[in-house]
Amino acid sequence: MSQNNGFDPKIIAYVCNWCTYLGADLAGTNRLEYPASVRIIRLPCTGRIDFHLIVKAFESGADAVLVSGCHPGDCHYTAGNFHARRRWTLFRALLDVLGIEMDRIHFTWISAAEGRKWQEVVTEITEKTKALGPYRAYRRICEGGA
Amino acid sequence: MEILPTSGKALDAEVERAVAACYQCGKCSAGCPMAEAMDLLPNRLLRLVQLGRIDKAAAAEAPWLCVSCQTCTTRCPQSVDCAAVLDALRQIAVGRGLVPRRQQRTLLFQQAFLESIRRYGRVHEVELIGRFKTRALLGDLNVPLFFKDALLAPRLYRRGKLHLTGETVRDRDLVARIFARCRAEPETT
Amino acid sequence: MARIGVFVCWCGENIARHVDVEAVASGAATLPGVRTALSYKYMCSEPGQALIRRKIAEEGLDAVVVSACSPHMHLRTFRRAAEGAGVNPYRVEMANIREHCSWVHHDRGEATAKAADLVRMAVAKARLDRPLEPICVPVARRVMVVGGGVAGIQAALDVADAGHQVVLLEREPSIGGKMAGLSETFPTLDCSQCILTPRMVEAAQHPNITLHTYSEVEAVEGFVGNFRVTVRKRARYIDVDRCTGCGQCWNSCPSKKNPSEFDYRLGQRTAIYIPFPQAVPARPVIDKDACIKLTKGKCGLCAKRCEAQAVKFDDEDRLVVEEVGAVVVATGYRLYDPRTPAAADGISGYGEYGYGKYADVIDSLQFERLASASGPTAGEIRRPSDGAVPKSIVFVSCVGSRDPAKGLSYCSKVCCMYNAKHAMLYRHKVHDGAAHVFYMDVRAGGKNYDEFVRRAIEQDGARYHRGRVSKITEREGKLIVRGVDTLAGEAITVEADMVVLAAAIRPAEGVERLAQKLGVGYDAFGFLSESHPKLRPVETNAAGVFVCGACQGPKDIPESVAQASAAAAKVLALFSRDELSRDPEIASVNELTCAACFACERSCPYGAVERAELRNGRGEFLKRTARINPGLCMGCGTCVAVCPSKSVDLDGYSETQVYAMLKSLT
Amino acid sequence: MEIGYYPGCALHGSSNDYETSVRACLSALDVGLKELDDWLCCGASAAHSLNHKLSVALPARNLALAERDGMAELLAPCPMCSGALLRAKAALHGDARLREEMGEIIELPVAGSAEVLNLVQIFERAGIERIRERAVRTLEDYRPACYYGCLLTRPPQTTRFDDCEQPRSMESLLSALGAEPVDWAFRTECCGAGMTVAREETVLELAHRILSDAAARGANCLVVACPMCHVNLDMKQADVARRFAVNHQMIVYYLSDLVGLALGLSPEALGVDRHFVVR
C-alpha cells in the first residue's frame with residue numbers, strides 16, 4: 001500500500017465540534033473510505049487550541065497534527081476560528097524555532113457539509129506523512145533538551 | 001484562462017474546462033458587436049464545447065468574425081473568458097484544417113502578420129498587405145482588389161505614413177528562435 | 001479511582017461488520033478504572049439503555065463510556081439513560097466507532113485497532129470528567145422583534161395574541177416595511193396595502209405590544225431568557241404623545257422638494273413628514289437635514305401651526321433599555337444597487353445598464369411605486385424623465401442575482417414572479433404597450449405560481465426572451481436595450497421607453513452589525529444563518545435569538561409570514577418554561593494563579609469574562625482576577641488557549657483531559 | 001520625469017502621426033521618453049488568435065528588455081500593445097514555471113515587473129492640475145466625443161483602468177482643459193480594431209455606427225487613444241462616407257493632440273495636418 005514498508009503514520013486531529021467533527025460524521029454517513037490514521041480529539045472550537053496542545057500531540061508520538069475548524073465567518077462561537085488562525089501565525093514561529101517540522105502541521109477549514117473534503121484531507125495528509133516517514137526527529141529534539 | 005498551443009486533445013480539455021461554468025445566459029452574444037454576422041452566436045459555440053462537439057464549434061465561421069473586443073469576457077457573469085475560448089477555437093480550426101473557406105482570408109492575414117514579425121521582429125505594413133492580398137488572390141478568396149489599396153498608397157505617402165521598407169530588429173535570429181520555440185511556423189500556402 | 005463502564009454497540013451490522021466489537025470490549029475491560037465492559041447489538045434501544053442502567057446499579061459505576069455512533073446522534077440519549085440510574089450526565093462519554101470508524105475503514109484489523117484507540121481515549125477522558133450541574137436561569141417572558149415589516153408584525157402579533165409582552169422595533173418612522181410600498185401581490189393580485197395596513201393598526205393598538213419606531217438596537221447584553229437590549233430612539237422632533245396626527249405641520253412645511261424614501265426617490269416629501277398616509281404610528285418626523293429651522297435656524301412654521309404643541313426642535317436621541325427573554329430578527333431586505341461602484345465589499349455594479357445615468361432605467365421597487373394607487377403617479381405608469389406613458393418596457397431579470405462576477409451568486413427567488421406581475425399590471429394599464437421580459441430561467445415554484453406566469457405570457461401578451469441583456473444606451477429619448485434570445489439564436493435590440501431592473505435582494509443595510517451584537521452568524525452575503533437548514537430553520541446558533549423573513553434569505557410574503565409564525569412558536573415554547581437549563585461545560589478561572597492580564601477578556605466573544613477582586617476573610621484586598629460569568633459563557637474555550645498563566649480551563653475539555661487522551665495512545 | 005517607451009509597430013508605421021503627437025505633447029510637459037532598445041512587435045491579435053504561447057513570449061521579451069534596462073514604467077500608447085504587455089504580465093505573475101519557460105524561450109530572465117501605462121495614465125501621472133496650469137489656451141470650442149474603444153479598458157481584470165462600462169478619465173482630463181465632452185452611447189463599443197484590412201466591411205459598419213452617434217450627440221470631433229481606432233475612424237471615414245452615403249467630416253484627434261493644442265503646440269507640430277479628415 002505504501003512505499004514506506006508498512007509505516008502507518010499516527011495523526012492527531014484537533015477538530016471543532018460544530019463543523020469539522022460533523023464533516024467527518026458526514027464522510028461516515030456517505031461511506032467515504034479513507035486511511036485509518038487519524039485520531040480525532042473533539043474540542044468545542046479551534047479557538048481552544050494552543051501551542052501546548054500541538055507540542056503535546058507530538059510528544060505522545062504523533063507523526064503529524066491536523067487542526068480543522070469552521071470556515072471563516074462560519075464559527076459557531078462567532079470568531080473562535082479566527083482567533084485560532086491569528087494565534088497560529090504567532091506560534092508558528094515558535095514551533096519553527098523549536099525545530100518542529102512545519103510540514104507535519106496542517107490547518108484546514110472543513111464545514112459540516114464537506115464530508116468529501118474530510119476524506120480528501122485525511123488521505124492527502126496521510127500520504128504526505130508517509131512520505132516524510134516517522135517523526136523520529138521529534139524524539140531527538142526532546143532528548144536533546146531543545 | 002491559460003490556453004497553451006499544445007496538440008489536439010489537450011487543448012480540447014483546456015477549452016472544455018474553460019467553459020464548464022457557462023450557464024448559457026447569452027450575455028456574450030447579447031453584447032457582441034459581430035453577433036448579426038455570425039453563423040453561430042458565441043453562447044452556442046460555448047454550448048457546443050460543453051457538449052464535447054469542439055470540432056463543430058471550431059468549424060464555424062463565427063470565431064473568425066470575432067474582433068477580440070473582449071466585451072463578452074468583460075461582462076460574463078460566470079467569468080468565462082469567452083474571447084480566449086474563441087481564440088482557442090481558431091487555433092483548433094487551423095490545426096485540424098477546419099477553417100471555413102469564407103474565413104480563410106482572416107487566417108491568411110493573421111499568418112502574414114506573424115510571418116512579418118518572424119522575419120523582421122516588427123510588422124512591415126506594405127509587405128504585409130502585399131503578401132496578404134497576393135495570397136488571397138491566388139487562393140481565389142473574396143478580397144477587395146489590390147488596386148484599391150494602391151489608390152490609398154499615395155495618400156498615405158503624402159502624409160508621410162507609408163514606409164516601403166519598414167523597421168527591422170537587430171537580432172533577427174533571436175526572433176526566429178523564439179518562433180521556433182513556440183512552434184508557430186506560419187504555414188506557407 | 002473511577003468506576004467506569006464501557007458499552008460497545010454493534011449497531012446491528014453497521015459497526016460489527018468491520019469492527020470486532022467483542023475484542024474492543026475485552027480490550028477495554030483491562031483499562032485502568034474500567035469495572036465492566038461489554039457489547040450489545042443496539043445500545044440506543046430500550047433494552048440497550050436498560051442494560052446500561054442495570055450495570056450502573058450492579059457495579060456501582062460513576063462514569064459511562066458508550067462506544068457507538070456520533071455524539072451528535074446519541075450523547076443526549078445516553079446521558080439521560082445514565083442520569084436515570086444515578087450517574088452524573090456529564091460523566092458520560094462516547095467513542096464514535098461508527099461514523100469515524102466502521103463506516104470509513106473497511107479493513108477489519110485497522111478498524112478494530114482504531115476503535116480500540118477511540119475507546120481508550122474516551123475512557124481516559126471519562127476518568128477525569130467532573131460531575132457538573134446544568135446551568136439554570138429564569139426566563140423573562142417578553143420578546144423583542146427587530147424589524148416591523150410583514151414578518152416582524154406577524155411574529156409580534158402571534159406572540160402578543162398568546163398573552164406575552166412584545167417590544168416591536170422599527171428603524172423607519174413607520175412600521176409596514178417593504179410590503180407597505182408594494183402595488184399588488186402575486187399570484188392573486190390583491191392590493192398589498194389593503195391586506196397589510198389592518199395588521200399594522202392591530203399591532204400598534206395591541207395591549208401587549210410596545211412599539212418603538214425610528215429606533216435601532218444599540219447594544220445587546222445577556223443571554224437566552226435574560227437579554228438587556230439598549231434601544232436608540234432617534235430624535236423625531238415630535239412629541240408623539242401630544243401629536244394628534246392632524247397634518248397641519250406637514251401641510252404648512254415650505255421645504256417640499258425632498259426625495260421621498262418611501263417612493264424610492266420617484267416622489268417628493270416635506271421636511272416634516274409621514275412616509276405615507278397610512279403610516280403607523282400616524283405621527284410625523286422631521287428630517288433634520290432638510291428642515292429649514294434645524295439647518296438655518298429660521299422658519300418653525302410647523303411649530304406655529306401645531307395646536308398640540310408637539311413639535312420639539314430640541315429633541316435628541318434617547319436610549320432606553322428593554323429586558324427581554326428572546327429576540328426575533330426580522331430585518332428584511334434592501335435591493336442591490338446597480339450603481340454600486342466596482343468592488344465595494346466584493347460587489348460591483350452594472351455600469352452597462354446605465355442605472356442612475358438614465359432616468360428611465362429604474363429598479364423593481366420603483367416600479368411598484370409607479371404601479372401603486374397610492375404612489376407618486378397615482379397608479380398610472382408614467383416614466384420618471386418626462387412623465388410620458390411608456391409604450392414599451394423592458395423588464396430585466398437577474399440584475400445582481402446569479403451573477404458571481406458582480407459578487408452575488410444566489411437566486412433572489414421572488415423576481416421571476418414580480419416580473420410576470422409587473423408585465424401583467426403594465427399591460428392591464430397600457431393596453432397597447434409592449435412588455436419585454438429578459439430572463440435566464442423562470443422560477444415559479446409555488447401554489448398557483450407557474451399558472452400566473454403563463455397567464456402573463458398567454459393572456460396578457462408579455463414577450464419573454466430567454467437571455468441576458470448586455471448593454472443599455474439611450475438615443476433620442478429611447479433606451480436601446482441590447483439583449484439576446486438564445487432560443488431564437490439571435491441577438492435582439494429593443495427600443496424601450498423604460499427599463500425595469502429586477503435588482504437582487506440583499507439583507508438590510510447594517511444587519512451584520514446587528515448580527516454581531518446578537519452573536520448570530522451570517523453568510524458571505526450577510527444573510528443570517530439558521531441553526532439547521534432543514535430542522536431548525538428559524539433558530540440561530542445564539543440561544544434565544546430567532547430569525548424570520550428575508551433577513552435569512554430571499555423569500556416572498558407567504559414564506560416570510562409562515563416563517564414569522566414559526567419563530568413566534570419557538571418563542572412561545574421558550575416562554576412555556578419557568579427557567580432554562582443548559583450544558584454546564586464552560587470555562588472557569590483558577591483565581592489564585594490568575595495574573596489578571598485579562599487576555600481572556602479581550603478574546604471572549606460573549607463578554608463573559610468579568611474583572612473581580614479577591615479578598616480574604618477580613619475583606620482585605622488580595623489581588624485582582626478574571627472571573628467567568630456562567631450565565632454568559634458558551635464554552636468555546638478561546639480564553640483557555642490565550643491564558644498565559646494556564647489559569648483558565650474548560651470543563652469537559654480540560655487541559656489534563658486532552659493530555660490524558662493523548663497519553664492513552666502511547 | 002523620464003519613462004520607458006514602447007511605441008509598437010503602428011506608431012512607427014502608418015500611425016506615425018500618433019507618435020509625433022505623443023512625443024511633442026509629452027515633451028511640452030517635460031516628460032522624456034526613453035525608447036525600449038530593440039523592441040519586438042507585441043504579436044497583436046494575430047498572435048493570440050493563432051498561437052497562445054507566442055502571444056505571451058513576444059510581450060514577455062519586451063518586458064524583459066525593460067527590466068534589463070531598469071525601466072520601472074513603460075508607456076505603450078497603443079492599447080493593443082499595452083493590452084498584450086498587461087496580459088503577459090498577468091500570466092507571468094504568480095506562475096514561476098511560466099516565467100522560467102518564457103525566460104528560456106526569449107533568452108532573457110523575465111519577472112514582468114515593469115508597470116505598463118497607457119496614454120491617459122501618463123497624463124494622469126503628469127497631473128491634470130499641472131497640465132491645466134501649463135495650458136495656454138482653452139479648448140472651449142471643442143465638443144469632443146471621447147472614444148475609449150475596447151482595449152483601453154477591457155478586460156478590466158487585466159487593464160485595471162477606469163470604469164470599463166462608464167469610463168470618465170478622458171472626459172475629466174479634457175473638461176479640465178475647457179473642452180465640453182458630449183455624453184454619447186458608443187464610448188466603449190468596438191470599431192473593428194485590427195480587422196481593417198482583413199474584414200473591411202465589418203470595420204466600415206462599426207465605424208459608421210460610432211461616427212453617426214457622435215454626430216447625433218452634437219460632437220464636433222472624436223478623441224481616441226489608439227492607433228487602430230484612428231485608422232478605422234479617420235482613414236476609413238471616406239470609405240464610410242461612400243458606403244453609407246453620409247459624410248460626417250468628423251475630425252478624429254488623438255488625446256495627445258487636444259492636450260498639445262491646449263499647451264499651445266501647433267497642429268503641425270502634433271501631426272494633426274497628416275490626418276485624413278482635416279479641418
Side-chain angles (χ1 to χ4, degrees), chain B residues 2-5 33-34 37 65 67-71 73-75 79 81 83-84 87-88 90-91 94 105-111 113-114 116-117 120-125 128-129 132 144 149 152 155-156 159-163 166-167 169-171 174-175 177-179 181-184 186, chain D residues 8-10 12-17 38-41 43-55 57-58 61 83 91 95 98 104-107 149-151 153-158 164-165 188-195 197-200 202-203 205-206 209 235 273-276:
Chain B
E2 181 69 0
I3 295 174
L4 294 170
M34 299 308 296
L65 297 173
V67 287
S68 300
C69 71
Q70 308 290 330
T71 306
T73 296
T74 298
R75 295 195 188 135
S79 302
D81 191 345
D87 283 348
R90 287 195 286 267
Q91 289 167 35
V94 173
R105 55 182 182 167
T106 306
L107 171 61
L108 279 182
F109 178 76
Q110 293 184 335
Q111 284 174 334
F113 195 98
L114 287 189
S116 186
I117 306 174
Y120 309 111
R122 295 179 191 173
V123 173
H124 284 200
E125 289 167 336
L128 162 62
I129 291 169
F132 164 62
D149 300 287
L152 189 58
R155 289 156 65 201
L156 278 168
R159 290 169 170 81
K161 289 184 168 188
L162 192 68
H163 307 263
E167 297 177 345
V169 296
R170 286 199 303 276
D171 196 349
L174 167 75
V175 182
R177 289 198 297 276
I178 291 178
F179 270 70
R181 288 179 192 126
C182 292
R183 289 180 288 122
Chain D
C9 304
H12 278 200
S14 53
S15 299
N16 54 14
D17 48 350
D38 212 31
W39 53 269
L40 297 185
C41 171
S45 51
H48 74 79
S49 269
L50 298 181
N51 185 320
H52 176 75
K53 196 183 273 189
L54 195 59
S55 76
L58 291 172
R61 167 83 190 170
D95 188 344
L98 183 68
E104 281 166 20
I105 290 176
I106 63 173
E107 300 180 17
C150 311
L151 300 176
T153 60
R154 281 197 297 262
Q157 303 88 323
T158 313
C164 70
E165 298 293 353
T188 61
E189 299 300 307
C190 178
C191 69
M195 291 292 190
V197 179
R199 305 197 58 89
E200 191 191 25
T202 300
V203 166
E205 166 75 33
L206 296 174
R209 291 185 211 166
M235 187 176 95
D273 55 328
R274 286 189 274 142
H275 296 180
F276 280 77

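Throughout, a chain's letter reflects where its sequence line sits, starting with A, and its residues are numbered from 1.
- We find the SG-CD distance between Cys69(B) and Glu189(D) to be 8.0 Å, quoted to the nearest 0.5 Å.
- Between the side chain of Arg122(B) and the main chain of Trp39(D), a donor-acceptor pair closer than 3.5 Å is present.
- With rounding to the nearest 0.5 angstrom, the CD1 atom of Ile105(D) is 12.0 Å from the CZ atom of Phe179(B).
- When every heavy atom of Arg209(D) is checked against every heavy atom of Pro33(B), the shortest pair comes out as NH2-O, 4.0 Å.
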Open item on the list: Applying side chain to side chain contact (heavy atoms under 4.5 Å, CB included) to Arg61(D) and Ile178(B), what does each step give before you reach the verdict?
Closed with: CA-CA 9 Å; Arg61(D) 167 83 190 170; Ile178(B) 291 178; 4.3 Å; yes
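- Nearest heavy atom pair, residue Thr74(B) against residue Pro155(D), reads OG1-CA, 3.6 Å.
- To the nearest 0.5 Å, atom OG of residue Ser49(D) and atom CD of residue Gln91(B) are 7.5 Å apart.
- Counting only distance, with no hydrogens or angles, the side chain of Glu104(D) and the backbone of Arg181(B) share no donor-acceptor pair below 3.5 Å.
- Rounded to the nearest 0.5 Å, atoms NE2 (His48(D)) and CD (Gln110(B)) are 8.0 Å apart.
- Of all heavy-atom pairs between Cys41(D) and Ile117(B), the closest is SG-CD1, 3.5 Å.
- Side-chain polar atoms of Thr71(B) and Arg154(D) form a donor-acceptor pair below 3.5 angstrom.
- The backbone N or O of Ser14(D) sits less than 3.5 Å from a side-chain atom of Glu125(B), completing a donor-acceptor pair.
- Between Phe113(B) and Ser45(D) there is no side-chain heavy-atom pair separated by less than 4.5 Å.
- Considering all non-hydrogen atoms of both residues, Gly43(D) and Leu114(B) come closest at O-CD2, 4.5 Å.
- A donor-acceptor contact shorter than 3.5 Å is absent between the side chain of Asp38(D) and the backbone of Val169(B).
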TODO: Would you please test Gln70(B) and Thr158(D) for side chain to side chain contact (heavy atoms under 4.5 Å, CB included) and show each step?
DONE: CA-CA 11 Å; Gln70(B) 308 290 330; Thr158(D) 313; over 6 Å; no
- [ ] Verify side chain to side chain contact (heavy atoms under 4.5 Å, CB included) between Gln111(B) and Leu50(D), making sure each step is shown before the conclusion.
- [x] CA-CA 8 Å; Gln111(B) 284 174 334; Leu50(D) 298 181; 3.9 Å; yes
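- In this structure, chain B has heavy atoms under 4.5 Å from both the backbone and the side chain of Leu40(D).
- Between Arg177(B) and Glu107(D) there is a salt bridge, since a side-chain N of the basic residue sits under 4.0 Å from a carboxylate O of the acidic one.
- For Leu206(D), the part lying near chain B is the side chain, with the backbone staying farther off; criterion is any non-hydrogen pair under 4.5 Å.
- No donor-acceptor distance shorter than 3.5 angstrom exists from the side chain of Asp87(B) to the backbone of His52(D), with no hydrogens or angles considered.
- Per-residue counts of heavy-atom pairs under 4.5 Å with chain B were compared for Cys150(D), Ala46(D), Ala47(D); the largest is that of Ala46(D).
- Only the side chain of Ala57(D) comes within contact range of chain B, with heavy atoms under 4.5 Å apart.
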